[in-house]
Participant: 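This is the structure I have questions about; it appears just below.
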Amino acid sequence: MENLIRVDVLPGVGDTEMAEGENELVIHLGHTLDYVAEAHKMAKTSMDEHQQPEIPETVGQYRILGHEMVSSEMPYNIDDADTQSKLGELYRLDKSGELKHGHSMVIACSADIGLDGDVLVDSPLSASEQIVMFINGGGFIISDTPELKWLYLRISKELGRRVFVPRYNAGFEHPFPRALYDIHVAYLYLLDCGFRPEQIIVYGLSVGGNLALSCLLLLDMLKEPTVAGCILMSPYLDLTMSSDSWNRNKDKCVLPRVPNTNAHSLPRLYYGPTDMSDVEFEKRLLYPLLSPLFGNIKCLPRIQVHVGEHEVLLDEAVEFVKLV
């Protein structure tokens, strides 16, 4: 892959054990059209949990939990016929046990929080416990790899809360709205485990910011209770990529802009096969569950947004903050 960029995700960490683990955590991003294929290769080679260093007890604990869909009735009733149909089909497959790859999430807890007992249970440790539902990025291609456990533990340490990470299905095999469906199912599962909406903070990174905000908009569409708050880190909120910072910062940011007229663009890979024309597809991307920048912001909880001044995602994040 040409122009490979290696970026330390969490430099300058204090405690030794975590720093050593975090030194293994890197993001590889390419500026060529084959970066998607390269990401798939990296995902496959990094999925082996046994190749990852053990987490010392002095750092924290981590486990992967498989879970089921808990809705007894089809919850999806929204005003977009195409999305409604796709969500309904995913629900039907899920309920019949035919949904590929099922559902799972990561639970991570930093030792610095000072919690006693089994901290990896999927139920509240107290009536007042507040948790983080972290939605990772990954370019709509992958949502979790074993080395990311160091990132989850860092978030747990910094926010002082246990972290629950939905391992949503993405990539070529799982087009829109599968990732959104998985995250919604994970949220409903947490509620079924005894967490109240006001105990949950959603934290989305990059495309995970898109999915986090889309999930909150979906909760509003379904008239379901929303969360206590939301953190967005470098969120990808407008899949049309029409803001000026996509051009202004293209030489400063590692995120490549592949036009939506190209089959390799992230929005097309996320959406999946379609017979829409380029003009029709661009219009389709304005749908709020695809580009939440254009959604009903009045329904949203308290939100904190972080974005860098040299990112191609800068302008859409700033525009979103102005709207909020």
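When a residue number appears, it is its place in the shown sequence, counting from 1. Because only heavy atoms are used, hydrogens play no part in the values below, and waters and symmetry mates are left out as well, while side chains stay in. Just so it is clear, the model here is predicted, and its values are computed rather than measured.
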Participant: Under 6.0 Å from the CD atom of Glu57, do we count more than 12 heavy atoms belonging to anything else shown?
Facilitator: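 Open.
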
Participant: Going through the checks in order, is the side chain to side chain contact (heavy atoms under 4.5 Å, CB included) test met by Ser104 and Leu65?
Facilitator: CA-CA 5 Å; Ser104 62; Leu65 168 75; over 6 Å; no

Participant: I'd like to know if Lys86 and Asp80 make a salt bridge, using a cut-off of under 4.0 Å between side-chain N and carboxylate O.
Facilitator: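 Between Asp80 and Lys86 there is no salt bridge, as every charged N stays at least 4.0 Å from the carboxylate O atoms.
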
Participant: Using 0.5 Å steps for rounding, measure from the CG atom of Leu237 to the CD atom of Glu319.
Facilitator: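 Rounded to the nearest 0.5 Å, the CG-CD separation comes out at 10.5 Å.
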
Participant: Quick one about Tyr152 and Asp144 (side-chain donor to acceptor, distance below 3.5 Å, no hydrogens or angles considered), yes or no?
Facilitator: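 The criterion, which ignores hydrogens and geometry beyond distance, is satisfied for Tyr152 and Asp144.
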
Participant: Looking only at non-hydrogen atoms, find the nearest pair between Gly60 and Ile55 and report the distance.
Facilitator: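 Here Gly60 and Ile55 meet closest at O-CG2, 3.3 Å.
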
Participant: Between Val185 and Tyr181, is any pair of side-chain heavy atoms under 4.5 Å apart?
Facilitator: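 Heavy-atom side-chain distance check passes, below 4.5 Å.
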
Participant: Count the heavy atoms belonging to other residues, nucleotides or ligands that lie under 6.0 Å from CZ of Arg302, then report whether that count exceeds 12.
Facilitator: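 Not buried by this count: 12 neighbours or fewer within 6.0 Å.
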
Participant: If we only count heavy atoms from C-beta on, is the Asn136 to Leu151 side-chain gap below 4.5 Å?
Facilitator: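 Result yes, sub-4.5 Å side-chain heavy-atom pair found.
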
Participant: Going hydrophobic residue to hydrophobic residue with side-chain gaps under 4.5 angstrom, can you get from Phe140 over to Trp246?
Facilitator: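 Yes, because Phe140 and Trp246 connect within a single hydrophobic cluster, where side-chain heavy atoms sit under 4.5 Å apart.
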
Participant: Might you point out which heavy atoms bring Pro301 and Val227 nearest each other, and give the distance in Å?
Facilitator: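 In this case the closest contact between Pro301 and Val227 is CB-O, 3.4 Å.
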
Participant: In terms of side-chain heavy atoms, does Asp122 have a donor or acceptor partner in Tyr189 at a distance below 3.5 Å?
Facilitator: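 On atom types as modelled, these side chains qualify, holding a pair under 3.5 Å.
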
Participant: Are the side chains of Asn249 and Leu314 in contact, using a 4.5 Å heavy-atom criterion?
Facilitator: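 A side-chain contact under 4.5 Å exists here.
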
Participant: Give me the atom names and distance for the closest heavy-atom approach of Phe176 to Leu289.
Facilitator: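 Closest approach of Phe176 to Leu289, heavy atoms only: CE1-O, 3.6 Å.
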
Participant: Is the backbone of Cys109 close enough, under 3.5 Å, to the side chain of Gln61 for a donor and an acceptor to pair up by distance?
Facilitator: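 The answer is no, because no donor-acceptor pair under 3.5 Å joins these two groups.
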
Participant: So, Arg178 and Glu173, do they make that salt bridge, N to O below 4.0 Å?
Facilitator: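 No, no charged N to carboxylate O under 4.0 Å.
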
Participant: What residues, two or more places apart in sequence or in another chain, satisfy ring-ring contact (aromatic ring centres under 6.0 Å, His included) together with Phe164?
Facilitator: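 Testing Phe164 for ring-ring contact (aromatic ring centres under 6.0 Å, His included), a comparison that skips the adjacent residues, returns Phe195.
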
Participant: Determine, step by step, whether Arg167 and Ile64 satisfy the side chain to side chain contact (heavy atoms under 4.5 Å, CB included) criterion, reporting the C-alpha distance in whole Å, the side-chain angles of both residues, the deciding distance to 0.1 Å, and the verdict.
Facilitator: CA-CA 9 Å; Arg167 304 174 85 213; Ile64 298 173; 3.5 Å; yes

Participant: Determine the sole option in Glu198, Arg161, Arg162 for which the side chain to side chain donor-acceptor pair (under 3.5 Å) test with Gln130 is passed.
Facilitator: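 Of the listed residues Glu198, Arg161, Arg162, the side chain to side chain donor-acceptor pair (under 3.5 Å) partner of Gln130 is Arg161.
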
Participant: Is the closest side-chain donor-acceptor distance between Glu280 and Ser277 under 3.5 Å?
Facilitator: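 There is such a pair (donor and acceptor under 3.5 Å, judged by atom type) between the side chains of Glu280 and Ser277.
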
Participant: Measuring from Asp118:CG to Ser123:OG, what's the distance to the nearest 0.5 Å?
Facilitator: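 Atom-to-atom, Asp118:CG and Ser123:OG are 8.5 Å apart.
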
Participant: Can you pull the salt bridge (charged side-chain N to carboxylate O under 4.0 Å, His left out) pairs that have at least one residue in residues 214-237, sequence neighbours excluded?
Facilitator: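 Sorted result for residues 214-237: empty, none.
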
Participant: Could you check if a side-chain atom of Val202 sits within less than 4.5 angstrom of a side-chain atom of Cys215, using non-hydrogen atoms only?
Facilitator: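 When only atoms from C-beta onward are counted, Cys215 and Val202 do not touch, as no gap falls below 4.5 Å.
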
Participant: Mind checking the CG-CG spacing from Leu153 to Leu148? Nearest 0.5 Å is all I need.
Facilitator: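 Spacing of CG (Leu153) from CG (Leu148) equals 11.0 Å.
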
Participant: Side chains of Leu266 and Val258, heavy atoms from C-beta outward: is any pair under 4.5 Å?
Facilitator: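 When only atoms from C-beta onward are counted, Val258 and Leu266 do not touch, as no gap falls below 4.5 Å.
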
Participant: Taking Glu316 for the side chain and Leu313 for the main chain, is one N or O donor matched with an acceptor at less than 3.5 Å?
Facilitator: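 Pair absent, no side-chain N/O of Glu316 close to backbone of Leu313.
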
Participant: To the nearest 0.5 angstrom, please state how far the SG atom of Cys253 sits from the CZ atom of Arg248.
Facilitator: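 Rounded to the nearest 0.5 Å, the SG-CZ separation comes to 11.5 Å.
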
Participant: Are side-chain heavy atoms of Pro225 and Leu219 found at a separation under 4.5 Å?
Facilitator: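 Side-chain contact under 4.5 Å: no.
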
Participant: Side chains of Tyr270 and Asn210 only: does a donor on one sit below 3.5 Å from an acceptor on the other?
Facilitator: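 No, because no side-chain N or O of Tyr270 sits under 3.5 Å from a partner of the opposite role on Asn210.
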
Participant: With distance as the sole test, does Ser206 use its side chain to make a donor-acceptor pair with the main-chain N or O of Gly208 at under 3.5 Å?
Facilitator: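 Not a single qualifying donor-acceptor pair exists.
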
Participant: Ignoring hydrogens and angles, state whether a donor on the side chain of Tyr271 or Arg284 is under 3.5 Å from an acceptor on the partner side chain.
Facilitator: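 On atom types as modelled, these side chains qualify, holding a pair under 3.5 Å.
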
Participant: Quick one: closest heavy-atom pair of Ala179 and Leu211, and the distance?
Facilitator: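 Scanning both residues, the minimum pair turns out to be CB-CD2, 4.0 Å.
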
Participant: Is Leu213 reachable from Leu286 through a run of hydrophobic residues whose side-chain heavy atoms are each under 4.5 Å from the next?
Facilitator: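 In one cluster with Leu286: Leu213, yes.
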
Participant: May I have the step-by-step check of side chain to side chain contact (heavy atoms under 4.5 Å, CB included) for Ile131 and Val163, ending in yes or no?
Facilitator: CA-CA 6 Å; Ile131 62 169; Val163 175; over 6 Å; no

Participant: What about Leu232 and Ile297, same hydrophobic cluster or not, with Ile/Leu/Val/Met/Phe/Trp/Tyr joined at side-chain heavy-atom distances under 4.5 Å?
Facilitator: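 In one cluster with Leu232: Ile297, yes.
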
Participant: Do His103 and Asp94 have side-chain N/O donor and acceptor atoms under 3.5 Å apart?
Facilitator: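 Side-chain D/A pair, His103 to Asp94: present.
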
Participant: Taking a hydrophobic cluster as the set of Ile, Leu, Val, Met, Phe, Trp and Tyr residues connected by side-chain heavy atoms closer than 4.5 Å, whether directly or through intermediates, do Val318 and Leu300 fall within one such cluster?
Facilitator: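 Per the 4.5 Å side-chain linkage, Val318 and Leu300 are not co-clustered.
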
Participant: At what distance, to the nearest 0.5 angstrom, does CG of Leu87 lie from OG of Ser85?
Facilitator: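 The OG atom of Ser85 is 9.0 Å from CG of Leu87, to the nearest 0.5 Å.
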
Participant: Of all the heavy-atom pairs spanning Ile113 and Ser156, show the shortest one and how long it is.
Facilitator: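 Scanning both residues, the minimum pair turns out to be CD1-OG, 3.2 Å.
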
Participant: Would a single hydrophobic cluster contain both Met233 and Leu159, if residues Ile, Leu, Val, Met, Phe, Trp and Tyr are joined by side-chain heavy-atom contacts under 4.5 Å?
Facilitator: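 Yes; Met233 is reachable from Leu159 via cluster members.
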
Participant: Which heavy atom of Asn169 sits nearest to which heavy atom of Gly102, and what is that distance?
Facilitator: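 Closest approach of Asn169 to Gly102, heavy atoms only: ND2-O, 3.4 Å.
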
Participant: Run the side chain to side chain contact (heavy atoms under 4.5 Å, CB included) test on Leu191 and Ile200 for me, step by step, so that the C-alpha distance in whole Å, both residues' side-chain angles and the decisive distance to 0.1 Å come before the verdict.
Facilitator: CA-CA 9 Å; Leu191 297 186; Ile200 301 174; 4.1 Å; yes

Participant: List for me each residue that meets ring-ring contact (aromatic ring centres under 6.0 Å, His included) alongside Phe294, sequence neighbours excluded, and say none if there are none.
Facilitator: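 Scan of Phe294 (ring-ring contact (aromatic ring centres under 6.0 Å, His included), adjacent residues dropped) gives none.
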
Participant: Decide yes or no for His306 and Ile231: does some side-chain heavy atom of the first lie under 4.5 Å from some side-chain heavy atom of the second?
Facilitator: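 When only atoms from C-beta onward are counted, Ile231 and His306 do touch, with a gap below 4.5 Å.
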
Participant: Is Asn296 reaching over with its side chain to a backbone N or O of Leu217, donor-acceptor style, under 3.5 angstrom?
Facilitator: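 No.
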
Participant: Within a strict 4.5 Å, meaning less than it, do heavy atoms of the Lys95 and Tyr91 side chains meet?
Facilitator: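 A side-chain contact under 4.5 Å exists here.
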
Participant: Compute the centroid of each ring, for His184 and then for Tyr76, and state whether the two points are separated by less than 6.0 Å.
Facilitator: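 His184 vs Tyr76: aromatic centres under 6.0 Å.
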
Participant: Could you grab the distance from atom OH of Tyr168 to atom OG of Ser143, nearest 0.5 Å is fine?
Facilitator: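 These two atoms lie 5.5 Å from each other.
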
Participant: Check whether any side-chain N or O of Ser245 sits under 3.5 Å from a backbone N or O of Asp315 as a donor-acceptor pair, and report yes or no.
Facilitator: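 A pair under 3.5 Å: yes.
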
Participant: Could you tell me whether the side chain of Ser291 and the main chain of Leu285 form a donor-acceptor pair under 3.5 Å?
Facilitator: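 Flag set: sc Ser291 to bb Leu285 pair under 3.5 Å.
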
Participant: For the residue pair Asn260 / Ser265, report whether a side-chain donor-acceptor contact shorter than 3.5 Å exists.
Facilitator: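 Checked: Ser265/Asn260 side chains pair up, N/O donor to acceptor below 3.5 Å.
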
Participant: Between Gln199 (side chain) and Arg196 (backbone), is there a donor-acceptor pair under 3.5 Å?
Facilitator: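 Answer holds: yes.
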
